Amino acid sequence: MLFLSIIWCTILGLAPMEELRSSIEWHWEDEFSAAEKGKVEDWLNSVTGAVESTLGVYPFTMHYYIHRRNGSSEPVPWANTRRHYVQGVDFHIDPSFSLQAFLDDWTAPHEISHLSIPYLGREQSWFAEGYASFMQYQIMQELGICSEQELGEIYAEKIERVRPYYDRDQDFVAVSRELKSRNRYSVMYWGGASYFMQIDTRLKEEHGMDLTDFITKYQLCCRLKDESFEELIESWDRLLGEPLFSELLQNYQRGPASEVLNAASITN
Ligand SMILES: [Zn+2]
C-alpha cells in the first residue's frame with residue numbers, strides 16, 4: 001500500500017497541475033535527442049510551475065539555455081543566471097540521469113528563484129544567495145520533494161552548521177564578504193538565508209502571510225521597476241507598509257554577526 005501510494009505521489013508530482021502561465025524560450029546549445037529534450041522540458045516545466053505557485057508568475061519571458069555535460073556525477077553539475085538583456089538560466093546537464101533525479105536536484109529551484117528579484121550586484125551576493133537558498137526549498141516543498149516538517153528541519157540544520165563561522169564581533173555583512181573571499185560559498189549562502197527565515201517568521205506572526213505570499217504580490221506590482229538593492233528594499237518596505245526589511249537589514253549591516261545568527265526567530 002505504502003509502495004503504491006509512493007508511486008501515485010510520484011505520478012501526481014510529475015503531471016502538470018495546471019497550465020503553465022510563464023513564458024519560456026528554450027535555447028538548445030548542444031545536440032539533444034527528442035527524448036532528451038522531452039525529459040528536460042518535463043523537468044523544467046514542472047519546476048517552473050512550482051515556482052509560479054510559490055513566487056507568482058514572472059512578468060517577463062524566461063530564457064533557458066541547455067548545455068550538455070556528459071559523464072557527470074550529478075544531473076546538473078553547473079548552472080548560472082543571465083541578468084543582463086534577458087532574464088534566464090544556463091543549465092549544464094547530464095541527460096542520462098532520470099527525470100526524478102532532475103526533480104530531486106535543488107539547482108533549478110535555486111536558479112529560477114533568483115529571477116524573482118532584480119540583479120543586486122556582486123557586493124550583495126550574501127543577500128541574493130541567501131534569498132535563493134531559502135526559496136529553493138520552498139519550491140521543492142511545492143514540488144512534493146520535501147514536507148513542511150522536513151523544510152523546518154533542513155533550515156535548522158543549515159543554520160546550526162554555519163553558526164560557528166559567524167561567532168564574531170564584526171558585522172554580519174563584513175563576515176559574509178570575508179567568507180566569500182575564502183570561497184566558503186555554502187556558509188555564506190546559508191548565513192544569508194537566515195535574514196529570510198527571520199523575515200518569514202515576522203510576516204507570519206505580524207501580518208498573517210509568509211514570505212512567498214509577499215513575493216507573489218511583489219511580482220505583480222514592482223518586480224520590473226526596481227534596479228538596485230536599495231530600490232528593492234524600499235519597494236518591499238513600501239509594499240508591506242512598514243520598514244521591516246530595512247530595519248532587519250540594519251542589524252545585518254551594523255550588529256555583531258554573533259547576535260544576528262543567535263536570533264530566536266530564525267528557525268522557529
Ligand atoms: Zn545562487
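Predicted, not measured: the structure shown is a model, and the values here were computed from it. Start at 1 and go down the list; that is how both ligands and their atoms are numbered.
Evaluation of the side chain to side chain contact (heavy atoms under 4.5 Å, CB included) rule for E25 yields H27, T61, H63 as partners, not counting sequence neighbours. A search for side chain to side chain contact (heavy atoms under 4.5 Å, CB included) contacts involving D167 returns S258, not counting sequence neighbours.
Looking only at N/O/S atoms, E129 comes nearest to the Zn ion (ligand 1) through OE1. The N, O or S atom of H110 with the smallest distance to the Zn ion (ligand 1) is NE2.
Under a cutoff of 6.0 Å and an axis angle of 45°, R82 and Y65 form a cation-pi pair.
Put simply, E111 stays out of reach of the Zn ion (ligand 1), with no N, O or S atom under 2.8 Å from it.
The distance between the ring centers of W126 and Y189 does not fall below 6.0 angstrom.
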